[in-house]
Amino acid sequence: MDTPAVRVRGLRKTYGDVVAVDGLDLEVSRGECFGLLGPNGAGKTTTIEICEGLTEPDGGEVEVLGQRWRDDPAGLRQHLGIQLQETQLAEKLTVEETVRLFRSFFRNGPATEHVIGLVRLQEKGRSRVGTLSGGQKQRLALACALVGDPELLFLDEPTTGLDPQARRQLWDLIDELRRAGRSIILTTHYMEEAEQLCERVGIMDHGKVIALGSPRELVASMGADHVVEFSTDGAGPDGARLDPLALGALEGVRDVQADDGTVRLQVTRLHQAVPALLAELNRQGVPLAELRTHSATLEDVFVGLTGRHLRDE
């Protein structure tokens, strides 16, 4: 269909004096896995809850699958699958009973056994929810979102709190859904998750999208292939202290940020920047305490835009 999966224009939501969403514009294509990144408090969950029809906006327009919530909310919900940030399920029900209950809310959809198989919980079908591990509960929550065979799937921080193995298992399931052609909107503050799963991402901060594009495009927009992070042992023997401004003139360095004792350099030519940095520290008489390098990531894009990390509280 020509209409996007989600179209948002001028979206705004406040809670008292707090502006959660501030004039947001956003469009998600059909069949796309789109990621919303940002730290806690950036407005991701509020935006998603408005799109899901769970929260009323203060202003702006929202279209989901070409429809507006005020026209036919019950009919629209038949085409959506929603996994909330925290899903509270009845712990004394079994996995089969839980999926069957959620399946009863939809007119159409696959059989209970098929959905349980999709999320690889066949061996836990008769187990009570209270006995499941954290990763298994997240897979069950995903199953409950799939029971209506949704055209559009909302996943709000689906892997928060999971161990690395459980997180990657859930990534595999989400990737299978994406390759099957479902439209997916995913919120996360794990940049690696977005890089792994999403064709496009929007980075949110203070209720606005401050960057939009594919993970590769956003990283390329930095104009730097690598990041060098280092800290010093404070003043040198003669009392010399680091002058970060002098680092910006070093060969291969594109940008310099100093924060709480750590200096970050965005560099285009790592093999030139690191020797130049070491020589400059020696010239300034400042002892090096620690040095790390890595290829540029979405995390670095966010830090470059906002001066803080994706997972900052």
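Both backbone and side-chain heavy atoms feed into the values below; hydrogens, waters and symmetry mates do not.
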Salt-bridge present ([X], [Y]; N to O < 4.0 Å):
{"X": "Lys137", "Y": "Glu91", "value": "yes"}
{"X": "Arg216", "Y": "Glu195", "value": "no"}
{"X": "Glu61", "Y": "Arg7", "value": "no"}
{"X": "Arg283", "Y": "Glu280", "value": "yes"}

Does the side chain of Val256 come within less than 4.5 Å of Val263's, by heavy atoms?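 The answer is yes, as the side chains (C-beta and beyond) meet within the 4.5 Å cut-off.
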
Do the side chains of Val6 and Val8 get nearer than 4.5 Å, heavy atoms only?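 Yes, at least one pair of side-chain atoms sits under 4.5 Å.
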
Of all pairs that satisfy side-chain hydrogen bond (donor to acceptor under 3.5 Å, both in side chains), the ones with a partner from residues 49-59, not counting sequence neighbours |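 Those involving residues 49-59 are Thr14-Asp58, Glu49-Thr55.
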
With sequence neighbours excluded, give me every side-chain hydrogen bond (donor to acceptor under 3.5 Å, both in side chains) pair touching residues 106-134.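 Qualifying pairs: Arg120-Glu176, Ser133-Gln136.
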
Identify the two heavy atoms, one from [X] and one from [Y], that lie closest to each other, and give their separation to 0.1 Å.
{"X": "Ala166", "Y": "Gly135", "result": "CB-CA, 4.0 Å"}
{"X": "Tyr190", "Y": "Arg167", "result": "OH-NH2, 3.1 Å"}
{"X": "Leu11", "Y": "Val21", "result": "O-CG1, 3.4 Å"}
{"X": "Thr160", "Y": "Gln138", "result": "O-NE2, 4.4 Å"}
{"X": "Val28", "Y": "Pro4", "result": "O-CB, 3.3 Å"}

Are any side-chain N or O atoms of Asp172 and backbone N or O atoms of Gln169, one a donor and one an acceptor, separated by less than 3.5 Å?
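Side chain of Asp172 to backbone of Gln169, a donor-acceptor pair under 3.5 Å: no, none is there.
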
*asked:* Whether the side chain of Glu199 engages the backbone of Cys33 through a donor-acceptor N/O pair (distance < 3.5 Å, no angle test) should be reported.
replied: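 Judged by distance alone, yes, a pair lies under 3.5 Å.
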
Could you list the residues that satisfy side-chain hydrogen bond (donor to acceptor under 3.5 Å, both in side chains) with [X], not counting sequence neighbours?
{"X": "Arg103", "value": "none"}
{"X": "Ser183", "value": "none"}
{"X": "Glu192", "value": "Arg168"}

Check residues 268-277 and write down every donor-acceptor pair under 3.5 Å in which the side-chain atom is one partner and the other belongs to a residue at least two apart or another chain.
{"unit_1": "Thr268", "atom_1": "OG1", "unit_2": "Gly252", "atom_2": "O", "d": "3.3"}
{"unit_1": "Arg269", "atom_1": "NE", "unit_2": "Gln272", "atom_2": "OE1", "d": "2.3"}

